[in-house]
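Here is the structure we will look at.
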Amino acid sequence: MKRDMDLVRKLLFYFEEKPDSGHVKVPSIDGYEEPLIKYHCNLLYDAGLLNCEPIKSSTSDRVISVVPFDLTWAGHEFLDKVRADTTWNRIKTLAQEMSLSLSFNIVNELAQRLALSEITG
């Protein structure tokens, strides 16, 4: 499966907007199917952006799936950097113009630079 940074952002919004910190079996995100959503929840858990209860293999420590609860501090921080649609679209445009893949590190770095340029003018 391919990582979809738009889905990552949508999942972060979903968990931020949840009214409580209870678990969610599979978040409902319009336009995305359950296997892809579950895969991205695993990725967000691996990245330290989402608090989850990992479900591990009975024969190893491999995480088979996760039961997501809410955002971590890092998840809130990352979402704050990419919250505005204008910033998000600018990040995607800049990455495309520079022929960069939309990796987490690239998104994070571009978001950081855009925020700093707004502050320093």
Side-chain angles (χ1 to χ4, degrees):
M1 284 188 198
K2 285 189 169 188
R3 182 177 56 187
D4 180 331
M5 291 302 286
D6 286 313
L7 177 53
V8 164
R9 184 171 175 257
K10 287 177 183 183
L11 282 165
L12 294 174
F13 276 122
Y14 174 90
F15 283 101
E16 180 188 56
E17 294 166 3
K18 259 181 63 217
D20 60 50
S21 61
H23 78 279
V24 176
K25 214 170 196 183
V26 180
S28 177
I29 307 294
D30 287 341
Y32 295 92
E33 296 189 13
E34 185 175 312
L36 190 61
I37 292 169
K38 287 175 141 182
Y39 176 73
H40 280 73
C41 285
N42 282 11
L43 291 176
L44 288 168
Y45 170 72
D46 286 343
L49 302 179
L50 195 57
N51 285 314
C52 299
E53 182 68 33
I55 299 170
K56 295 185 178 184
S57 166
S58 61
T59 59
S60 72
D61 280 342
R62 182 170 95 67
V63 175
I64 296 170
S65 66
V66 296
V67 178
F69 291 90
D70 51 24
L71 296 180
T72 63
W73 181 270
H76 284 284
E77 289 289 308
F78 180 74
L79 181 57
D80 284 343
K81 290 180 196 174
V82 298
R83 179 176 305 282
D85 288 338
T86 53
T87 300
W88 181 244
N89 291 330
R90 184 73 179 129
I91 288 167
K92 293 193 303 184
T93 300
L94 285 170
Q96 186 177 20
E97 287 172 358
M98 295 186 256
S99 299
L100 300 171
S101 64
L102 209 55
S103 73
F104 177 76
N105 289 337
I106 294 296
V107 170
N108 205 24
E109 181 66 28
L110 288 173
Q112 184 78 22
R113 288 181 185 205
L114 287 172
L116 289 174
S117 71
E118 287 293 318
I119 292 168
T120 60

[atom1] of [X]: more than 12 outside heavy atoms within 6.0 angstrom?
X: K92; atom1: NZ; value: yes
X: E33; atom1: CD; value: no
X: D20; atom1: CG; value: yes

Would you say S21's side chain and D70's backbone share a donor-acceptor pair under 3.5 angstrom?
-> no
Using atom types as modelled and distance alone, determine if a side-chain donor or acceptor of N108 lies under 3.5 Å from a backbone N or O of F104.
->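 No.
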Do V67 and L49 belong together in a cluster built from hydrophobic side chains that touch within less than 4.5 Å?
->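 No.
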Go through the steps for S103 and S101 under the test side-chain hydrogen bond (donor to acceptor under 3.5 Å, both in side chains), then give the verdict.
-> CA-CA 6 Å; S103 73; S101 64; 4.6 Å; no
[Y] and [X], any side-chain heavy atoms less than 4.5 Å apart:
X: L36; Y: I29; result: no
X: L71; Y: L50; result: yes
X: M1; Y: N42; result: no
X: I91; Y: L114; result: yes

Measure the spacing between CG of L100 and CG of N105 and express it to the nearest 0.5 Å.
->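 It is 11.5 Å, given to the nearest 0.5 Å.
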Mind checking the CG-NE2 spacing from L79 to H76? Nearest 0.5 Å is all I need.
->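 So the CG of L79 and the NE2 of H76 are separated by 8.0 Å.
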Output every pair passing ring-ring contact (aromatic ring centres under 6.0 Å, His included) with a member in residues 13-50, not counting sequence neighbours, ordered by first then second residue.
-> none
Give me the atom names and distance for the closest heavy-atom approach of [X] to [Y].
X: P27; Y: I37; result: O-CD1, 3.4 Å
X: K56; Y: D61; result: CD-O, 3.7 Å
X: C41; Y: P68; result: SG-CG, 4.2 Å
X: T72; Y: G48; result: OG1-O, 2.5 Å

Step by step, would you call E109 with R113 a salt bridge (charged side-chain N to carboxylate O under 4.0 Å, His left out)?
-> CA-CA 6 Å; E109 181 66 28; R113 288 181 185 205; 2.7 Å; yes
For a salt bridge (charged side-chain N to carboxylate O under 4.0 Å, His left out) with R83, tell me which candidate from E16, E17, E77 qualifies.
->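 Only one option passes, and that is E16.
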Using the salt bridge (charged side-chain N to carboxylate O under 4.0 Å, His left out) rule, take R9 and D6 through it: C-alpha gap first, then chi angles, then the decisive distance, then the call.
-> CA-CA 5 Å; R9 184 171 175 257; D6 286 313; 5.7 Å; no
